[in-house]
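The block underneath contains the structure these notes are about, expressed in structure tokens.
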Protein chains: 2
Amino acid sequence: MTARRGGGPTMHDVGKLAQVSAMTVSRVLKNDPGVSEATRERVFAAVDRLGYRRNQTARSLRLGGSGMIGLVVTNLANPFYSRLALGVQEVATEYGFRMLLSNSAEQAEREPDLIDDLIDHSVEGLIVVPTGSRQQHLADAMRHVPVVLAARPPAGLDTDCVLVEDFHGAREATAGLLAEGHTRIAFLGNPPALYTGAERLRGFWAAHEEAGIEPVHDLIRQGLVDAGTAERATRELLERDAQPTALFCTNNRISQGAIRALYKAETTLPVAGFDDFDLSDVLGIPLTVVSYDADEIGRQAARLLIDRVAQRDAEPPASRRVTVPTRVIRYGA
Amino acid sequence: MTARRGGGPTMHDVGKLAQVSAMTVSRVLKNDPGVSEATRERVFAAVDRLGYRRNQTARSLRLGGSGMIGLVVTNLANPFYSRLALGVQEVATEYGFRMLLSNSAEQAEREPDLIDDLIDHSVEGLIVVPTGSRQQHLADAMRHVPVVLAARPPAGLDTDCVLVEDFHGAREATAGLLAEGHTRIAFLGNPPALYTGAERLRGFWAAHEEAGIEPVHDLIRQGLVDAGTAERATRELLERDAQPTALFCTNNRISQGAIRALYKAETTLPVAGFDDFDLSDVLGIPLTVVSYDADEIGRQAARLLIDRVAQRDAEPPASRRVTVPTRVIRYGA
DNA sequence: CTGTTAGCGCCTTCAT
DNA sequence: ATGAAGGCGCTAACAG
């Protein structure tokens with residue numbers, strides 16, 4: 001009962017049963033070569049018989065590392081983040097780390113607390129998708145453990161990050177709409193203070209310049225934060241005299257809001273948007289998505305982080321920036 | 001640099017600066033009443049100045065509990081599980097616990113290892129969505145820590161679980177189709193060995209009986225595991241001479257596969273399915289979903305678990321079963 | 001090849 | 001109101 005609470009067997013117990021010292025048990029469990037085959041077997045037998053398991057908490061204390069890395073995301077319910085988490089966990093497991101997950105629930109002000117909390121639990125490194133534009137708390141965190149950023153670059157911080165080809169993807173998708181002859185494309189964007197928001201707008205803009213077409217300023221909406229705000233913004237655009245002939249959305253939730261507005265208005269307009277999503281292929285509307293492998297962002301971030309954790313005692317490497325490629329996919333009519 | 005690695009300040013350091021013993025620092029940080037206001041302030045000042053943070057690993061070792069609970073799910077990429085995780089985390093945070101997340105990536109055989117791993121890391125309790133039908137490893141786990149099951153009931157285990165109204169939801173949705181006059185409804189189900197698969201079939205069946213209509217055996221498909229298998233099964237049904245006139249799907253991925261098959265076949269058939277999903281409201285097909293609050297499953301499971309953790313030293317409570325209600329929603333034509 | 005010593009950082013117990 | 005001693009379970013460093 002309540003085994004791990006003072007109950008469970010210790011190395012000492014195992015040693016007693018196997019007639020060796022706790023130290024030898026430790027060596028056996030660590031695969032230390034300097035142990036005779038005979039004792040080795042006796043120890044394993046004792047371990048089995050007692051159902052002994054090494055206490056990782058004690059190990060962490062002794063060794064100074066917990067074998068855990070922390071991941072901080074804003075919203076696990078968004079498939080982008082859950083896939084990212086899967087990627088992180090895949091690589092973490094591969095290298096013998098566990099993942100401690102924290103969700104800031106879109107509240108930027110909670111992020112510093114969550115990070116402190118993870119550090120208190122002796123995570124050996126952190127992967128963070130920064131919520132706001134201030135990153136002072138990340139600088140603080142870096143005094144304790146390595147930090148790698150995902151999806152957004154460091155601002156005044158010297159560390160690694162993994163980014164998506166935001167600019168390139170937005171430019172390519174926009175160029176597709178322009179090539180079809182659209183000259184009045186609405187831009188439905190997340191807050192411009194976010195790196196992704198700014199970059200994707202830049203790509204939208206660049207595609208226009210390259211096509212020699214002036215973007216229509218009146219059709220640019222920024223600061224959309226979820227499907228609801230995107231739906232309202234879209235509806236508002238559709239009610240104007242000078243309507244757009246196509247829409248560009250900067251993320252999956254915005255695309256979904258826009259599509260919902262079109263559906264309710266019983267209108268069809270070509271839509272292009274960042275992030276692929278479930279059923280994008282069966283909507284039956286002209287839809288272009290900028291797709292990329294969110295798992296891969298997590299995997300790469302975990303690799304960069306674990307590398308830094310492993311090099312902990314060496315000179316920290318120069319900060320690296322990895323980019324995950326995007327691919328434009330066209331669905332529908 | 002690398003603070004928490006032998007670097008960071010300890011209680012001793014704080015004590016030295018505040019001119020008290022480490023013990024007094026411990027008392028202050030614990031809000032122990034027996035400390036004078038003067039020293040209290042000096043200690044806090046020292047804490048601030050050094051940026052001291054209590055080492056949770058050492059605490060865990062000393063206190064015998066890690067303040068963490070483990071959650072084991074099969075597939076974080078499925079919104080059902082990510083929402084469940086959010087619910088767990090919400091309640092865990094509320095009670096001062098952290099959540100350690102493990103993903104078995106649909107590989108039932110990995111589940112025991114993941115669970116052992118979590119127990120080795122001194123989680124104080126576990127929430128598990130059991131993958132397979134064997135639960136022996138859960139019985140083993142229960143010898144160490146309390147375990148609460150989510151979405152599936154215990155099989156030969158004496159513990160709490162949180163379930164969805166599987167039977168009721170399936171019956172109600174099926175009854176809706178029958179009321180519309182359908183007599184040839186296909187059943188597209190996940191493996192019958194899973195509790196949800198069996199219950200939802202039972203509901204499907206019960207609705208038929210109540211309507212005095214014989215289910216068409218030829219139209220029952222079970223063992224579908226993802227959108228791909230569901231799509232193939234649906235296509236196969238559509239190619240038969242005796243086609244169904246409506247479809248019932250037992251989960252979100254199966255619904256999506258079925259919808260994809262219908263789309264590609266350029267056919268429309270009324271679809272009813274368990275689990276709501278993004279954009280279900282804009283597909284423009286007659287769609288009924290059995291919706292429920294997946295977050296709530298996580299919240300309830302976390303409450304049951306934390307209750308057991310808190311009562312650890314008392315007689316364990318009789319096993320409880322909580323049910324989360326379903327709601328049938330109709331979309332589309 | 002194996003054992004002893006010491007201590008990671010904290011907190012419970014007992015003393016002052 | 002505060003401190004000293006001891007130990008949670010484990011392992012690095014040093015014997016032998």
Side-chain angles (χ1 to χ4, degrees), chain A residues 2-44 46-47 50-67 119-122 124 144 313, chain B residues 2-44 46-47 50-67 119-122 124 144 313:
Chain A
T2 70
R4 224 143 270 299
R5 279 291 281 201
T10 76
M11 276 196 174
H12 221 87
D13 301 327
V14 175
K16 203 154 47 180
L17 187 61
Q19 303 176 36
V20 291
S21 73
M23 196 56 235
T24 300
V25 178
S26 174
R27 288 202 180 94
V28 169
L29 263 39
K30 196 197 313 183
N31 269 320
D32 193 313
V35 183
S36 80
E37 195 52 39
T39 46
R40 190 180 212 69
E41 277 171 21
R42 259 182 301 130
V43 168
F44 275 129
V47 165
L50 295 173
Y52 170 76
R53 331 217 75 230
R54 232 172 358 181
N55 180 325
Q56 294 290 343
T57 304
R59 288 196 94 210
S60 300
L61 181 58
R62 184 62 236 246
L63 299 174
S66 61
I119 291 176
D120 287 353
H121 277 79
S122 303
E124 301 193 47
H144 298 293
D313 301 317
Chain B
T2 70
R4 225 143 269 300
R5 279 290 282 200
T10 76
M11 277 193 174
H12 219 86
D13 301 327
V14 175
K16 205 152 48 179
L17 187 61
Q19 303 177 37
V20 290
S21 73
M23 198 51 243
T24 301
V25 178
S26 175
R27 289 202 180 92
V28 170
L29 263 39
K30 195 195 314 182
N31 269 320
D32 194 311
V35 183
S36 79
E37 195 52 39
T39 46
R40 188 177 214 71
E41 276 171 22
R42 259 183 302 130
V43 167
F44 276 129
V47 165
L50 295 174
Y52 170 76
R53 330 219 75 227
R54 231 168 4 177
N55 181 325
Q56 295 289 343
T57 305
R59 272 192 113 215
S60 300
L61 181 59
R62 186 61 237 253
L63 300 175
S66 61
I119 291 176
D120 287 352
H121 278 80
S122 302
E124 301 193 46
H144 298 293
D313 301 317

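Order of the sequence lines sets the chain letters (A, B, ...), proteins ahead of strands, with each chain counted from 1.
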Can a side chain N or O of [X] be found less than 4.0 Å away from OP1 or OP2 on [N]?
X: B:Y52; N: C:dG9; answer: no
X: B:T24; N: D:dG3; answer: yes
X: B:S21; N: D:dA4; answer: no
X: A:S36; N: C:dT2; answer: yes

For [X], side-chain contact (heavy atoms from CB on, under 4.5 Å) partners two or more places apart:
X: B:A46; answer: B:V14, B:L17, B:A18
X: A:R27; answer: A:M23, A:T24, A:D32, A:V35
X: B:S60; answer: A:T57, B:S66

Rounded to the nearest angstrom, tell me the gap between atom [atom1] in [X] and atom [atom2] in [N].
X: B:N55; N: C:dC10; atom1: CG; atom2: C1'; answer: 8 Å
X: A:Q19; N: C:dG3; atom1: CD; atom2: C1'; answer: 15 Å
X: B:L29; N: C:dG9; atom1: CG; atom2: C1'; answer: 13 Å
X: B:R53; N: C:dG9; atom1: CZ; atom2: C1'; answer: 15 Å
X: A:D32; N: D:dC10; atom1: CG; atom2: P; answer: 17 Å
X: A:L50; N: D:dG9; atom1: CG; atom2: C1'; answer: 15 Å
X: B:E41; N: D:dT2; atom1: CD; atom2: P; answer: 12 Å
X: B:Q56; N: C:dC8; atom1: CD; atom2: P; answer: 19 Å

Taking all non-hydrogen atoms of both residues, which atom of [X] and which atom of [Y] are closest, and how far apart?
X: A:L50; Y: A:P9; result: O-CG, 3.7 Å
X: A:R59; Y: A:R54; result: NH2-NH1, 3.4 Å
X: B:Y52; Y: B:T10; result: CE1-C, 3.6 Å

* Those residues that, when tested against A:T39, pass side chain to side chain donor-acceptor pair (under 3.5 Å) (two or more places apart) ->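 A:T39: side chain to side chain donor-acceptor pair (under 3.5 Å) contacts with A:S36.
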* Applying side chain to side chain donor-acceptor pair (under 3.5 Å), name anything that partners A:R40, two or more places apart in sequence or on another chain. =>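 A:R40 satisfies side chain to side chain donor-acceptor pair (under 3.5 Å) with A:N31 only.
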* To do: Find the distance between CZ (A:R62) and CG (A:N55) and round it off to the nearest 0.5 Å.
  =>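 Between A:R62 CZ and A:N55 CG, I get 14.0 Å after rounding to 0.5 Å.
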* What is the distance from atom NE2 of A:H121 to atom NE2 of B:H121, rounded to the nearest 0.5 Å? ->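 Reported to 0.5 Å precision, the distance equals 12.5 Å.
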* Asked: Where the side chain of A:V20 is defined as all heavy atoms beyond and including C-beta, which of C:dC10, C:dG3, D:dC10 is the nearest nucleotide?
  ->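 Given the options C:dC10, C:dG3, D:dC10, the side chain of A:V20 is closest to C:dG3.
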* Asked: If you find the nucleotide of DNA chain D closest to B:P33 and the one closest to B:L61, which residue's nucleotide is nearer the 5' end?
  ->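 The residue whose closest nucleotide sits nearer the 5' end is B:P33.
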* Encode nucleotides 11-16 of chain C as B, S and - characters from 5' to 3', where the letter depends on protein heavy atoms closer than 4.0 Å: B to the base, S only to sugar-phosphate, - to neither. => BB----
* So what does B:S60 touch, heavy atoms closer than 4.0 Å: a base, only the sugar-phosphate, or nothing? ->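 Contact class for B:S60: none.
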* Asked: So what is the end-to-end bend of the helix from C:dC1-D:dG16 to C:dT16-D:dA1, with 5 pairs used at each end and the value given to 10 degrees?
  ->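 About 40° separates the two local helix axes.
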